[in-house]
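The structure under discussion appears below in the form of structure tokens.
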Amino acid sequence: MRHLAFSALAALVFAVFPLAASTQQADQSATPAVQPAVLTNTPTVTPAQNDIQIGAQAPDSLSTDAPTQMASDPEFRAAIASAAPLLPAAYATQPFRLRLHHTHTLEDIDIVYRIGDNYQPEAIAQLDYFLRDHRTFDVKAFDPREFDLLHDILVRLDRPDAEIDIVCGYRSQWSNELLRASSRGVAEHSQHMLGHAIDIQVPGASTERLRDAALSLNEGGVGYYPTTHFVHVDVGAIRTWTYAPRRSRRHAHLRTASHHRTAHHRRPAHAVGL
């Protein structure tokens, strides 16, 4: 039921933030340019006081008021209110904070997205905007449990206040096909397209250590990319894989393996969703 709610929410988001006609007609051999921008939030635990400032002008098709519009939508707020955290908070008023840096847009965000067991709609909307497709500017409603996953990984690394580098957040179908044309490490039905996956790095932590921290949580899919130095984490079915192009061959090698982990609340995956 939760995934159905977020599917409906995703459809609503695309209706509110349509892709510009000029982007739809763009030559798919080129990638739209993105100017650097910085998003900042006031360092408080009160979501209503979180502020967002854009340092670069967004395309006309994507208003800088997008997070506010999204957060004020009744269906969006209802979906956020019904979302259940991966793990209950230890204390009813415990704040959950994320500090993120986007490696493509050069944006930064520091925000409290959850207090206790309650996700904060305004903060979630800002994170959704932050994680938009940097090629097409499409915004997707993420499953908020994905943010819990990022938070829990930092806790496992014993670095709860560390900043996470975002290599890839939401990926539109256009972007997914663009990447698939040049890499076998991109799935046709990627979890990124569902708002269920994020590719990450944590400065100061090796890719191997980051992978092990994600695996230890037993909370979803974990993809290990040692050559390009990032880890894919998602809240889909539990599965693991490693993608490392062989230098001695022209084609890439994708190794998918079932990790010996158990989860009573998830069904086994039938295909890898990268």
Side-chain angles (χ1 to χ4, degrees), residues 2-11 13-14 17 19 23-24 26 28 31-32 34 100 102-105 127-150 153 164-201 207 210-211 214-215 217 219-245 251-259 266-274:
R2 183 180 304 115
H3 288 294
L4 292 176
F6 276 97
S7 296
L9 178 57
V13 172
F14 281 115
F17 309 117
L19 179 64
T23 303
Q24 293 174 337
Q28 293 196 4
T31 300
V34 179
L100 310 176
H102 203 298
T103 60
H104 295 285
T105 66
L127 285 169
D128 289 342
Y129 178 82
F130 176 84
L131 294 165
R132 65 194 180 278
D133 187 319
H134 68 274
R135 299 179 181 87
T136 67
F137 302 104
D138 285 342
V139 177
K140 179 73 171 181
F142 268 75
D143 187 326
R145 296 176 304 157
E146 181 71 12
F147 306 138
D148 287 338
L149 184 54
L150 299 185
I153 288 173
I164 298 175
D165 285 349
I166 303 298
V167 177
C168 182
Y170 170 59
R171 190 186 297 159
S172 66
Q173 183 174 357
W174 185 90
S175 287
N176 200 67
E177 290 304 315
L178 183 70
L179 294 176
R180 273 174 52 79
S182 60
S183 173
R184 294 183 60 193
V186 179
E188 181 178 3
H189 304 289
S190 171
Q191 292 287 319
H192 287 277
M193 298 169 63
L194 302 176
H196 292 170
I198 301 176
D199 296 340
I200 63 172
Q201 300 168 330
T207 311
L210 181 58
R211 175 204 60 187
L215 287 174
L217 293 171
E219 292 177 352
V222 178
Y224 177 47
Y225 293 74
T227 304
T228 43
H229 308 291
F230 70 83
V231 174
H232 165 112
V233 292
D234 68 52
V235 289
I238 291 177
R239 64 213 188 284
T240 67
W241 67 93
T242 295
Y243 177 74
H251 67 275
H253 170 62
L254 178 64
R255 182 172 73 253
T256 306
S258 176
H259 196 270
R266 302 199 190 284
R267 293 176 297 177
H270 298 289
V272 172
L274 287 72

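Just so we're clear, the structure is a prediction, and the values are computed from it rather than from any experiment.
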- Arg180 backbone acceptor or donor facing Ser183 side chain under 3.5 Å: no
- Query: What's the spacing between Leu215 CG and Thr240 OG1 if we round to 0.5 Å?
  - Reply: 6.5 Å
- Donor-acceptor pair, side chain of Glu146 and main chain of Gly195, under 3.5 angstrom: no
- Query: Looking only at heavy atoms, which two atoms of Phe130 and Leu100 are closest? And how far apart?
  - Reply: CE2-CB, 3.7 Å
- Would you mind reporting whether Ile200 and Ile166 have side-chain heavy atoms less than 4.5 Å apart? yes
- Item | Residue list, salt bridge (charged side-chain N to carboxylate O under 4.0 Å, His left out) with Asp148, at least two apart or on another chain | Arg114
- Task: Evaluate the side chain to side chain contact (heavy atoms under 4.5 Å, CB included) criterion for residues Phe142 and Leu131: first the C-alpha distance (whole Å), next the side-chain angles of each, then the deciding distance (0.1 Å), finally the verdict.
- Result: CA-CA 9 Å; Phe142 268 75; Leu131 294 165; 3.7 Å; yes
- Message: Keeping Asp234 on the side-chain end and His196 on the backbone end, is there a donor-acceptor pair under 3.5 Å?
- Response: no
- Query: When you measure from the side chain of Asn176 to the backbone N and O of Ala187, does any donor-acceptor pair fall under 3.5 Å?
  - Reply: yes
- Query: For the rings on Tyr225 and His232, is their centre-to-centre separation under 6.0 Å?
  - Reply: no
- Query: When rounded to the nearest 0.5 angstrom, what distance separates NE2 in His102 from CZ in Arg132?
  - Reply: 7.5 Å
- Are His192 and Val186 close enough, and set up right, to give a side chain to side chain contact (heavy atoms under 4.5 Å, CB included), and what steps lead you there? CA-CA 10 Å; His192 287 277; Val186 179; over 6 Å; no
- Message: Donor-acceptor check, side chain of Arg145 to backbone of Asp143, threshold 3.5 angstrom: yes or no?
- Response: no
- Message: To the closest 0.5 Å, what do you measure between CZ (Phe230) and CG (Asp165)?
- Response: 13.0 Å
- Spell out, as yes or no, whether a donor-acceptor pair under 3.5 Å connects the side chain of Gln201 to the backbone of His229. yes
- Message: What's the separation between atom CG in Asp138 and atom OG in Ser175, rounded to the nearest 0.5 Å?
- Response: 8.0 Å
- Indicate the atoms forming the closest heavy-atom contact of Ala214 with Ile153, along with that distance. CB-CD1, 4.0 Å
- Message: Between Asp133 and Ser172 (side chain of the first, backbone of the second, donor and acceptor by atom type, cut-off under 3.5 Å), is there such a pair?
- Response: yes
- Can you tell me how far OG1 of Thr105 sits from NE2 of His134, rounded to the nearest 0.5 angstrom? 8.5 Å
- Message: Walk me through whether Asp128 and Phe147 qualify under side chain to side chain contact (heavy atoms under 4.5 Å, CB included).
- Response: CA-CA 10 Å; Asp128 289 342; Phe147 306 138; 3.8 Å; yes
- Message: For the NZ atom of Lys140 and the CE atom of Met193, what is their distance to the nearest 0.5 Å?
- Response: 8.5 Å
